[in-house]
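Data first, discussion second: the structure below is written as structure tokens.
On a predicted model such as this, the values are computed, not experimentally measured, just so you know. By convention here, the first residue in the shown sequence is residue 1. What's counted below: heavy atoms across the whole structure, side chains too, no hydrogens, waters or symmetry copies.
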Amino acid sequence: MATRTTAGDRRTQTRAKGSTGRGRTASGLSVIEGSPGFSAAVDDALRSVSEPVRESFLRGVGENDDLDAALWGPGPTPTQRKEAALENLRRQFTARHAVVGHSLTRAEAAELLEVSEQAVLDRIKSGDLLGLKKGREWRLPLWQFNAGCAHGFVPGLARLRDEFPGGLVSLTEWVTAPNVDLDGATPAQALAGDRVDEVIAVAAIATSAAW
């Protein structure tokens, strides 16, 4: 049985094709990153109402997320937006400082692994070790080093780096926290136990949730 496409459906499909930066649900609602369940619930609600009601709601939300003040109240001022962005940056830099503070220099990593500093750099470039720059110097988070592993560091880091949706700071927070999908072990502990495929699978779930 053919499905009739209404003008409203065509308009919402056009919105979905033309949007950038965020996904769109079938009803034309912008999907908020990190809240797929909420977006799906609102999308289901919009599907159940008449086209005029749905179109009115979408116009109220607006293509640029400018909410109708009469419906939603006044939006944040430019100053409030800047303060919120600055606070978010502060949190990110605080997390970065914490990671750097619990990291090894290249020389320290070389001494620990009994290899040359060049060998450490080669492993950073290949992804076998993970590092971030502090000025011109590399810092290698401590969690990846493990005396019980064959090479002195956990396996699978290159695969994990490619799979995980965030950078090394957010990866460090994720990999050092107990994970219910790994039976309560941290991803770092699971990697050290040679459970690389399991960790990659869990990271893939995090990737799909992020998008």
Are any of the side-chain heavy atoms of [X] and [Y] separated by less than 4.5 Å?
| X | Y | value |
| --- | --- | --- |
| Glu108 | Leu112 | no |
| Leu104 | Leu142 | yes |
| Glu83 | Leu86 | no |
| Leu121 | Arg106 | yes |

message = If you apply the rule side chain to side chain contact (heavy atoms under 4.5 Å, CB included), what do you find for Asn179 with Thr186, and how did you get there?
response = CA-CA 6 Å; Asn179 194 300; Thr186 69; over 6 Å; no

Distance in Å, [X] [atom1] paired with [Y] [atom2], rounded so as to fall on 0.5 Å steps:
| X | Y | atom1 | atom2 | result |
| --- | --- | --- | --- | --- |
| Phe153 | Leu129 | CZ | CG | 4.5 Å |
| Trp138 | Glu117 | CH2 | CD | 14.0 Å |
| Arg96 | Thr172 | CZ | OG1 | 11.0 Å |
| Arg159 | Leu191 | CZ | CG | 10.0 Å |
| Ile200 | Leu160 | CD1 | CG | 5.0 Å |
| Ile205 | Glu163 | CD1 | CD | 10.5 Å |

inquiry  = Applying a strict under-4.5 Å side-chain criterion to I, L, V, M, F, W and Y, I'd like to know whether Val202 and Trp143 cluster together.
reply    =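 Yes, one cluster joins them.
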
request  = Kindly work out whether a path of hydrophobic side-chain contacts (I/L/V/M/F/W/Y, heavy atoms less than 4.5 Å apart) joins Val199 to Leu168.
outcome  = yes

task = Test side chain to side chain contact (heavy atoms under 4.5 Å, CB included) on Arg195 and Asp183 and set out the steps.
result = CA-CA 12 Å; Arg195 298 164 61 188; Asp183 302 321; 3.8 Å; yes

ask   = Does NZ in Lys125 sit with more than 12 non-hydrogen atoms of other residues, nucleotides or ligands closer than 6.0 Å?
value =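 Counting other residues, nucleotides and ligands, NZ of Lys125 stays at 12 neighbours or fewer.
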
ask   = Crowded around Glu114 CD? As in, over 12 foreign heavy atoms under 6.0 Å?
value =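 No - once you tally the heavy atoms of other residues, nucleotides and ligands closer than 6.0 Å, there are 12 at most.
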
Taking all non-hydrogen atoms of both residues, which atom of [X] and which atom of [Y] are closest, and how far apart?
| X | Y | result |
| --- | --- | --- |
| Leu132 | Val99 | CD2-CG1, 4.1 Å |
| Ala109 | Phe145 | CB-CZ, 3.9 Å |
| Val100 | Lys134 | CG1-CD, 3.8 Å |
| Ala177 | Pro187 | O-CD, 3.3 Å |
| Asn146 | Ala192 | ND2-CB, 3.5 Å |
| Ala188 | Val154 | O-CG1, 4.0 Å |

request  = Begin with the C-alpha distance, continue with both residues' side-chain angles, and end with the deciding distance and a verdict on side chain to side chain contact (heavy atoms under 4.5 Å, CB included) for Leu140 and Leu130.
outcome  = CA-CA 6 Å; Leu140 296 88; Leu130 303 182; over 6 Å; no

Val169 and Gln92: CA distance, side-chain angles, deciding distance, side chain to side chain contact (heavy atoms under 4.5 Å, CB included) verdict = CA-CA 8 Å; Val169 173; Gln92 293 176 27; over 6 Å; no

